[in-house]
K.L.:
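Before I ask anything, let me first share the structure, which is written out below as structure tokens.
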Number of protein chains: 2
Amino acid sequence: MRLKELALHLGLSQTTVSRALNGYPEVNEETRQRVLDAARRYDYRPNASARRLATGRAGAIGIVLPTDRNMLLDPHYIEFQAGLGERLMKDEIDIVLSPSKAGDEMATYRRMAISSRVDAVILSSPTVDDPRIALLTELGLPFVVHGRTNSPLDYAWLDIDNEGAFRHAAKHLLDLGHRRIGLINGETRHNFALERDRGFRRALAAHGVEVDEDLVAEGIMSDETGYRITARFLAQRPRPTALLVSSMMMSLGALRAIRSAGLELGRDISMIAHDDVIPFLNPDAMVPTMSTTRSSIRAAGTRVAELLMEIIVDGRSPASIHELWPVDLVVRASTGPVPRD
Amino acid sequence: MRLKELALHLGLSQTTVSRALNGYPEVNEETRQRVLDAARRYDYRPNASARRLATGRAGAIGIVLPTDRNMLLDPHYIEFQAGLGERLMKDEIDIVLSPSKAGDEMATYRRMAISSRVDAVILSSPTVDDPRIALLTELGLPFVVHGRTNSPLDYAWLDIDNEGAFRHAAKHLLDLGHRRIGLINGETRHNFALERDRGFRRALAAHGVEVDEDLVAEGIMSDETGYRITARFLAQRPRPTALLVSSMMMSLGALRAIRSAGLELGRDISMIAHDDVIPFLNPDAMVPTMSTTRSSIRAAGTRVAELLMEIIVDGRSPASIHELWPVDLVVRASTGPVPRD
DNA sequence: GGGAGCATTCAAAGCGCTTTCAATCTCGCG
DNA sequence: CGCGAGATTGAAAGCGCTTTGAATGCTCCC
């Protein structure tokens, strides 16, 4: 069923039918009802491509999907996507994933922009000096960054307070008497990891505790990395008495290493992990329950979608969008006072 | 830059430029070069919507993204997506995610089809009697199922041999002398879980071992579920001496429960888990290394994309597409002979 | 010399929608 | 009764591409 046919059936012009369907005010209420009824009866849907061509709006937002491992192995990503979807659904906006080889992402963004496949894009976990910011700005394709970089440009972003989160977490451990605290971080080429590193160091500095660089490590946020780094940390003497871990996934590996070393979490060693609130990694379900810095990545997705809509639909200026979300410190059973030996 | 302008610059008609760009044979080789050069120089890209409208092909394949938890919590999904992307990239085909509320998926498929937003869709982890098969068949929207159902309709699918995988795994354990074997499965409303259950039972039956229903359980494939079920199993007397687990994620929880019970994996109790080959869950990196039934979900994604392209582009008949992939049994350190007590 | 046959190119007609601009009709008021 | 304003509808012009059908030159052969 095409608009033309529908109009024919109704004995109306395409113009009127189109207007009725799209909620324009200048159509008679009775006519509108007739049109809506007919549309429903015939299960009419405007052709997406035609509408896009006519309006110039794509009705979709884009995400460039790097197909190499490094970025994707992140199980958090899917939660974020779900959050996005939750909001975008309301306006029938699609998410377009554009697969791209590792080095080729810039070209993919360019392609998305120039062929106007999408109305805006989302940038996730930017690196410290992310070149995509400049590119997109230049291309004039609206975007919202989930995270921040130190780009001098003014762009829309939503981020959680990674620095504050790890500062508070470290302070909490220091207050419990811990002095040898290890940091198991994500890769510091990503800005969030750098922020966490910063927060960690600030807290220690504020307490007059010197950072032992042998107790600071980073890697992709996997179970395996968590295990390896923790095992290495635990081999040191004196042993660290507490760990700050950048993801729940890593904390799983860390926990294995702790057990392998014959230690008990929450008594012999304390741990605080960052929790993105992913359903299959529930800190309350762990044994012992895990103390965390918590911020829902799904909620962030929803909000990013909301912001995107404001930019696209309401024409809100991206430069005015800066949201820094505070992060909760949730104390559970994995943290305790420093053990006396 | 539009086609029209490009043509003007070149002193050619749109027709010729379009043909040159799209590789039609009837254009002079020298002319084609000129056109391609100019296109590159001006960074020309055809407008996606216009092309779609003109050709009637969307240049995208769709995935309905349920935004409720149950389905998405699956970290496997993202690997599959990456696999898809790997292949689709070659032809500049997009993946369109259409967010949808839990009960509303059928409507979303319908919408995708009728508004011809996509050329085909992918169905993942179908339930035993998945209504989507009938719907899509009726809508005439091409699709490939990753998995199978017992629909009477003839549709394109690619699946791994879940039944065989768990049959072999169980047989291996039986051969090692195990008789009390627990099954920790995914939800049996999904067909893959049902198949695994079936394989498990067949192996036991073939050995004349009766299934203890108290040692068969299912749930969403999370760390937490693995922990809970295993803890319950281990409380029984006599204790199971081996476990068959439906995902690596679950096996992490199972391992925690085993350790909490003071048992040693690979000596006191054996375990085989299904491994979808997800980078952040590496069985070789576990301690002890994990015996698995292995099949790369990413490779499946790539192949599904390939099949989709064959259907869309080459017009291959979906009914002829049935691929059942064998599953490797990889024996590592988590399996051993039944312990003598 | 005159076509046949081929290689190239082009003008114009869509694809299915939205939107501008114009037309028609109705009604209230002086 | 005539007219302007307001309400409602329509014809037609795009949006930027692909593709059909026709035109133009050329070469080649009898």
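Below, all heavy atoms of this structure are taken into account, side chains as well, without hydrogens, waters or symmetry copies. In the text below, chain A, chain B and the rest are named by the order of the sequence lines, each starting its count at 1.
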K.L.:
Given D/dC15, is OP1 or OP2 found less than 4.0 Å from the side-chain N or O atoms of B/Asn47?
P.N.:
no
K.L.:
Can a salt bridge be assigned to the pair A/Asp37 and A/Arg40 using a cut-off of 4.0 Å between side-chain N and carboxylate O?
P.N.:
yes
K.L.:
Go through the N and O atoms of the side chain of B/Arg19 and the base of D/dT20, and report whether any donor-acceptor pair is under 3.5 Å.
P.N.:
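Checked by distance alone, the answer is yes.
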K.L.:
Can you measure A/Glu26 atom CD to C/dA22 atom C1' for me and round it to whole angstrom units?
P.N.:
14 Å
K.L.:
I'd like to know if A/Thr55 reaches the base of C/dT19 with its side chain, counting only an N/O donor and acceptor under 3.5 Å.
P.N.:
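Such a pair does not exist between side chain and base.
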K.L.:
Determine the contact category for A/Ser49: base if any of its heavy atoms lies under 4.0 Å from a base atom, sugar-phosphate if only primed atoms, P, OP1 or OP2 are that close, otherwise nothing.
P.N.:
nothing
K.L.:
Whether B/Asp94 and B/Arg52 form a salt bridge (side-chain N of Lys/Arg under 4.0 Å from carboxylate O of Asp/Glu) is what I want to check.
P.N.:
yes
K.L.:
When you check the phosphate oxygens OP1 and OP2 of D/dG10, does a side-chain N or O of A/Ser13 lie under 4.0 Å from one of them?
P.N.:
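Affirmative; the distance criterion is met.
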K.L.:
In terms of side-chain heavy atoms of A/Tyr24, which of C/dA11, C/dT19, C/dT18 is nearest?
P.N.:
C/dT19
K.L.:
Can you measure A/Gln14 atom CD to D/dC15 atom P for me and round it to whole angstrom units?
P.N.:
17 Å
K.L.:
What is the separation between atom CG on A/Asn28 and atom C1' on C/dT24, rounded to the nearest whole Å?
P.N.:
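Rounded to whole Å, this separation is 15 Å.
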K.L.:
Checking side-chain polar atoms at under 3.5 Å, does A/Ser115 have a donor or acceptor matched by the opposite partner on A/Arg117?
P.N.:
yes
K.L.:
B/Ala54 has a side chain; which of D/dT8, C/dT8, D/dT18 sits nearest to it?
P.N.:
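Per side-chain heavy atoms of B/Ala54, the pick is D/dT18.
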K.L.:
Whole angstrom is fine here: how far is it from CG in B/Leu21 over to P in D/dG16?
P.N.:
16 Å
K.L.:
Is there a donor-acceptor contact under 3.5 Å linking the side chains of A/Asn47 and B/Ser116?
P.N.:
yes
K.L.:
Can you tell me how far P of D/dT18 sits from CG of B/Leu53, to the nearest Å?
P.N.:
11 Å
K.L.:
Side chain of A/Leu3, heavy atoms from C-beta onward: which of D/dC17, D/dT9, C/dT18 has the nearest atom to it?
P.N.:
C/dT18
K.L.:
With a cut-off of less than 4.0 Å, is there a side-chain N or O of A/Asn22 near OP1 or OP2 of C/dT18?
P.N.:
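The answer is yes; a side-chain N or O of A/Asn22 sits under 4.0 Å from OP1 or OP2.
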K.L.:
What's the CZ-C1' distance between A/Arg2 and C/dT18, to the nearest Å?
P.N.:
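Whole-Å distance recorded here is 16 Å.
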K.L.:
Between P on D/dG10 and CG on A/Leu8, what's the gap in Å once rounded to a whole number?
P.N.:
12 Å
K.L.:
On DNA chain C, does the nearest nucleotide to A/Arg51 precede the nearest nucleotide to B/Leu12 from the 5' side, or the other way round? Give the residue.
P.N.:
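Result: B/Leu12.
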K.L.:
Return the 5'-most residue of the pair B/Tyr44, A/Glu29 with respect to DNA chain D, ranking by each residue's nearest nucleotide.
P.N.:
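This one resolves to A/Glu29.
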K.L.:
Take the protein atom CZ of A/Arg34 and the nucleotide atom P of D/dT8, then report the distance between them rounded to whole Å.
P.N.:
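The answer, rounded to whole Å, is 14 Å.
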K.L.:
For A/Thr16 and for B/Gly11, locate the closest nucleotide of DNA chain C by heavy-atom distance; then report the residue assigned to the nucleotide nearer the 5' terminus.
P.N.:
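That would be B/Gly11.
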K.L.:
Check every atom of C/dT18, C/dC15, D/dT19 against the side chain of B/Thr15 and return the nucleotide holding the closest atom.
P.N.:
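Per side-chain heavy atoms of B/Thr15, the pick is D/dT19.
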K.L.:
For the residue pair A/Glu105 / A/Tyr109, report whether a side-chain donor-acceptor contact shorter than 3.5 Å exists.
P.N.:
no
K.L.:
Verify whether one side chain among B/Ser320 and B/Ser317 offers a donor that lies under 3.5 Å from an acceptor in the other.
P.N.:
no
